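Written below as structure tokens is the structure these notes are about.
These numbers come from a predicted model, not from an experiment. These numbers come from the heavy atoms of this one structure, side chains and all, not from hydrogens, waters or symmetry mates.
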Amino acid sequence: MLSDTTPARRSAGRRAYVLKMYPRFSETFIVSEILAREAAGEDLVIFSLRPSTDTRFHPELGRVRAEVIHIDRPSSARSFWQTFAEAAAEPRVAAALSGRLGELMELGHDDAIQALSLARLALDHEVTHLHAHFASVATTVARAASALTGIPYSFTTHAKDIFHEDVVLTDLARKTADADHVIAISAFNRRYLSTVLGPELADRIVVVRNGLELDRFPYRPRQGAPDGAKSDRAPSTSGEVPSLLAVGRLVEKKGFAHLLDALARLRSEGTACRLDLVGTGPLDEELRAQSRRLGLADLVTFHGALTQAEVREMLTDHDMLVSPFVIGSDGNADGLPTVLLEGMATGIPCIAGSVTAVPEIIDHGRTGWLVDGTDEQNLASTIAEVAADIRTNPADIRTVTDAARDRVCRMHDSAAQARELADLADRAAIAAGTAAPGAPAAPAVPGAPVGASAASGAAGRCAEATETDAAPAVPTIREMESVS
């Protein structure tokens, strides 16, 4: 276990996170990543481009040691030019400005001035690497600041930032081409990006999976233990109404409307289930109205937003976590939601929609159950099947949850994620000449070409997908899944 106070590795210079908004209630995966990197001894600073609008925060935020610097957006022409002058007073920024002014002018005024501020601040804080999350505004600003300073940058892609119909492919390609490396959170995402961007950019894309602090999610299976072992939480009582838990933003891609339809079908067939639905979002009122219309008001409870700790407790006293992910009408889909990893880690049987990277973590019948989230019959029958097995074959359910925990531990340990990210940043800084004096050399990557992107060798090592020869058109997620 990595301690929060004792670094496990020597710092190789300060690394910066560039985030659109920090903290953000829904982005627990970023906090987990930062905590793991700090526990491994990295020196971090966080630049936030927007003030937080959340009213609740996760207690884990209190463990983050990194300085958080909010970069303001000028509210007047006077403050704009004052910010510009402050940035231009930095000699290294000034030297790059003349050659980069045209590129800055192509950006929106907020992005351009925040990039200048970020460039000055990154140099002031002796940052050796910039890393953004999501291929949108944070990466736009990080890319421009990198061009002004020579500090290499990278970014992590997730879901909406690459799958949504509004994604501008030329912009994504430009960001990828200029980045030292690009993180894909799954093999599916790497395959998708390699296809839409083409083979000439594929070597920059590296799979680094989102991680969990596993100690915060102890394995507490509710079902029968093999070989007479005892579970540390109360088993489901025979004859009880099955208790379901669903967690996520109340948006189309989560599939909650289909889940309510499935619950109505189950009730009509004599298998009533209780559902606790956690989350907020634009479909809140619509889903509540649907629940009333279907006569489910006595079975469905809407909880609104809860902290990660509160959700963790709910995972231990429900029979199933149901996540019927779908591909939205706007092309958007989930990458690999953190709550699914949390559920599998804690030992609750998990049912999930078979979209994007979900089959990489859920092997149907072995580590969980896959469904077509749009098919209420498939969803209802799977819930009924798992509920029946919980009552009559608890040892079989325990075998599934044991395998699920093992897979999460092997593939999504935040300590391993932190090591991979640190090694990539080490190589990027060394290649760009921004590494801190005396920094340890990054581990060599077999087969990495001399003078190529620092991520090239890692991409070859981490790749789990086969690239296509070319990408003349952007495929939909459904088209990608059909050839997976």
(request) With rounding to the nearest 0.5 Å, note down the distance linking CG in Leu370 to OG1 in Thr382. (result) 9.0 Å

(message) Checking side-chain contact (heavy atoms from CB on, under 4.5 Å) between Ile362 and each of Leu336, Thr367, Val400, which is the one that passes?
(response) Thr367

Under the side chain to side chain contact (heavy atoms under 4.5 Å, CB included) rule, collect the residues that match up with [X], sequence neighbours excluded.
| X | value |
| --- | --- |
| Arg293 | Gln290 |
| Asp389 | Glu385, Thr392, Asn393, Ile397 |
| Ala309 | Thr307, Arg312 |
| Ser48 | Tyr22, His70 |

(message) Among residues at least two apart in sequence or on other chains, which ones pass ring pair (Phe, Tyr, Trp, His ring centres under 6.0 Å) with His131?
(response) Tyr17, His133

(message) Applying ring pair (Phe, Tyr, Trp, His ring centres under 6.0 Å), can you list everything that pairs with Phe217, at least two apart in sequence or on another chain?
(response) none

Name each donor-acceptor pair under 3.5 Å that joins a side chain in residues 264-280 to protein atoms two or more places apart or in another chain, with its distance.
residue, atom, partner, partner atom, Å
Arg265, NE, Glu376, OE2, 3.4
Arg265, NH1, Gln377, OE1, 2.9
Arg265, NH2, Glu376, OE2, 3.4
Arg267, NH1, Gly295, O, 2.6
Arg267, NH1, Asp298, OD1, 3.2
Arg267, NH2, Asp298, OD1, 3.3
Arg267, NH2, Asp298, OD2, 2.6
Ser268, OG, Arg265, O, 2.6
Arg274, NH1, Asp276, OD2, 2.8
Asp276, OD1, His303, NE2, 2.6
Asp276, OD2, His318, NE2, 2.6

(message) Checking the side chain of Arg204 only, and the main-chain atoms of Ala179 only, is there a donor and an acceptor separated by less than 3.5 Å?
(response) yes

(request) Mind listing the closest non-hydrogen atom pair of Asp319 and Pro242 along with its distance? (result) OD2-CA, 3.4 Å

(request) Determine the minimum heavy-atom distance between Tyr219 and Ala345, stating which atoms define it. (result) CD1-O, 3.5 Å

(request) Establish, yes or no, whether a centroid distance under 6.0 Å links the rings of His158 and Phe29. (result) yes

(message) According to salt bridge (charged side-chain N to carboxylate O under 4.0 Å, His left out), does anything in residues 334-347 pair up with another residue at least two apart or in another chain? List the pairs.
(response) Lys253-Asp334, Lys254-Asp334

(message) For residues 152-165, which residue pairs pass the salt bridge (charged side-chain N to carboxylate O under 4.0 Å, His left out) check, not counting sequence neighbours?
(response) none

Going by the rule side chain to side chain donor-acceptor pair (under 3.5 Å), which residues pair with [X] if we only count those two or more places apart in sequence or in a different chain?
| X | value |
| --- | --- |
| Lys175 | Thr140, Asp171 |
| Asp72 | none |
| Glu27 | none |

(message) Do the side chains of Glu38 and Arg63 get close enough for a salt bridge, i.e. N-O under 4.0 angstrom?
(response) no

(request) Determine whether more than 12 heavy atoms belonging to other residues, nucleotides or ligands lie under 6.0 Å from atom NE2 of His109. (result) no

(request) Apply the side chain to side chain donor-acceptor pair (under 3.5 Å) test between Arg143 and each candidate in Thr176, Asp111, Asp178; give the one that qualifies. (result) Asp178

